[in-house]
Every structure is written in structure tokens, then in C-alpha cells.
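One-based numbering, in listed order, for ligands and for the atoms of each.
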Amino acid sequence: MEDTIFGKILRREIPAEIIYENEKTLAFLDITPNNPGHTLVIPKKPFRNIFDVDSETFADVMETVRILAKPIRKAVGADGMNIYSNHEKEAGQAVFHLHVHLIPRFSNDGYKLWEGTPYPKGEAKKVADSIRKSLS
Ligand code: 5GP
């Protein structure tokens, strides 16, 4: 996999506000936070995203997300938190080293959640059938 800015952070070649590290993962503050405390969790192994990561590494990343959620929330006095992850350019991924965002949310921060649109009649079954087929 090509080197990324997160590889440089892992190797301490560029500075970052690292808040947590264990054998498999690293967590640091996002340089352009949506809210104070916005944190990125990455695996030390350089997977691109969800489409190539192995199950053990992804589980390690999500366990670090779980460990950090409460302390981050407490530290910045947040009301809640969004946890999300972008996979491939079309989905908003800008850095091609798997990462999960933890974004503290405040009742008055003004962000809106995405709005959904109901399926046209019969379409949900078609999509679900297609996914079930793709799984087998
Ligand atoms: P993506 O859009 O790939 O899901 O998110 C990449 C995130 O990495 C962005 O929120 C961006 O602010 C953050 N980021 C990009 N470059 C750096 C950097 O050099 N240092 C830190 N700490 N965060 C970065």
C-alpha cells in the first residue's frame, strides 16, 4: 500500500496530538476537527479501508474506538458522539489508511444528520435480494 500522511504520524515523522496507543492501534486528534476532541483511530498495519482490512485488525480498531468514546466525551463535555468512517474517494475518504472518526457532539453545535428517502414500493426487497445473493 502507498505511504500516507497517517504512516508518517505512525512513524513520528510529522507531529500529531496522540491521545492513545496500544500494540495494534493509534489514536490522535484530527487536524481540522468538526468539534473539539474529534479523534481518528487507525490500525498500525496500513490497510487502505474496509475493503481490504482483515477481521482481527478491524476488531482492534473498533475496540480502541470503544475504549476512547467515554473519556473523550467526558474530557470535552460532549452530549453525544458520531462514529463514522469513509471508504474510497466517492464516500469522502481522503487519506487511504483505514481510520474511524470519533466526533463529539453538542446539543447546540448546529450540525444536521443526513436525511434518508423511503424506498419506492418493492425496491427494498430487490436491493435486499441482491445483497443476500452477493453474500453467498
Ligand atoms: P477522511 O476524509 O479520509 O475520512 O478523513 C481524513 C481526516 O484526516 C480529515 O478529517 C483530516 O482533517 C484529517 N487529516 C488530514 N491530514 C492530517 C494530518 O496531517 N494530521 C492530522 N492529525 N489529521 C489529518
Looking only at non-hydrogen atoms, find the nearest pair between F106 and G77 and report the distance.
CE2-O, 3.6 Å
Should the pair E23-K45 be classified as a salt bridge under the 4.0 Å nitrogen-to-oxygen rule?
no
Heavy-atom pairs closer than 4.0 Å: do any link ligand 1 to the side chain of I5, the backbone, both, or neither?
side chain
Please find out if less than 6.0 Å separates the ring center of F28 from that of Y20.
no
Stepwise, does the side chain to side chain donor-acceptor pair (under 3.5 Å) test hold for D54 with T57?
CA-CA 6 Å; D54 64 59; T57 301; 2.8 Å; yes
Evaluate the criterion side-chain contact (heavy atoms from CB on, under 4.5 Å) for residue pair T39 and H101; output intermediate values, then yes/no.
CA-CA 6 Å; T39 295; H101 296 251; over 6 Å; no
Among all protein heavy atoms in this structure, tell me which lies nearest to atom 9 (C) of ligand 1, with the distance rounded to 0.1 Å.
D30 OD2, 3.3 Å
Qualifying residues under side chain to side chain donor-acceptor pair (under 3.5 Å), relative to E17, sequence neighbours excluded
none
List every atom of ligand 1 that sits less than 4.0 Å from any heavy atom of N86, numbering the atoms from 1 in the order shown and giving each element.
1 (P), 2 (O), 4 (O)
Below 4.0 angstrom from a heavy atom of I9, which ligand 1 atoms are there? Numbered from 1 as shown, please.
20 (N)
Any atom of ligand 1 sitting under 4.0 Å from a heavy atom of K8?
no
Starting from atom 2 (O) of ligand 1, find the nearest protein heavy-atom neighbour and note its residue, name and distance.
G92 O, 2.7 Å
Numbering as shown, the atoms of ligand 1 that approach Q93 to under 4.0 Å (heavy-atom distance):
3 (O)
F28 N/O under 3.5 Å from ligand 1 N/O:
no
Does the N or O separation between L29 and ligand 1 drop below 3.5 Å for any pair?
yes
Give the numbers and elements of all ligand 1 atoms closer than 4.0 Å to a heavy atom of H99.
1 (P), 3 (O), 4 (O), 5 (O), 6 (C)
Between D3 and K8, what is the shortest heavy-atom contact and its length?
OD2-NZ, 3.6 Å
Ring centre gap for F47 and H97 strictly below 6.0 Å
no
Salt bridge or not between D129 and K126? Use side-chain N to carboxylate O under 4.0 Å.
no
Does ligand 1 have any atom sitting under 4.0 Å from a heavy atom of A16?
no
If you measure from the Lys or Arg side-chain nitrogens to the Asp or Glu carboxylate oxygens, is any gap between E56 and K24 under 4.0 Å?
yes
Nitrogen or oxygen of I14 less than 3.5 angstrom from that of ligand 1
no
Does some side-chain heavy atom of E123 sit less than 4.5 Å from a side-chain heavy atom of P120?
yes
Taking only non-hydrogen atoms of A94 and a 4.0 Å limit, the atoms of ligand 1 in range are 1 (P), 2 (O), 3 (O)
Per-atom contacts of ligand 1 with T32, taking only distances under 4.0 Å to non-hydrogen atoms
11 (C), 12 (O)
Proximal atoms of ligand 1 relative to H101 (non-hydrogen, under 4.0 Å):
1 (P), 4 (O), 5 (O), 10 (O)
Nearest non-hydrogen protein atom, atom 8 (O) of ligand 1
F6 CZ, 3.4 Å
Please write down residue, atom name and distance for the protein heavy atom closest to atom 14 (N) of ligand 1.
I31 CG2, 3.9 Å
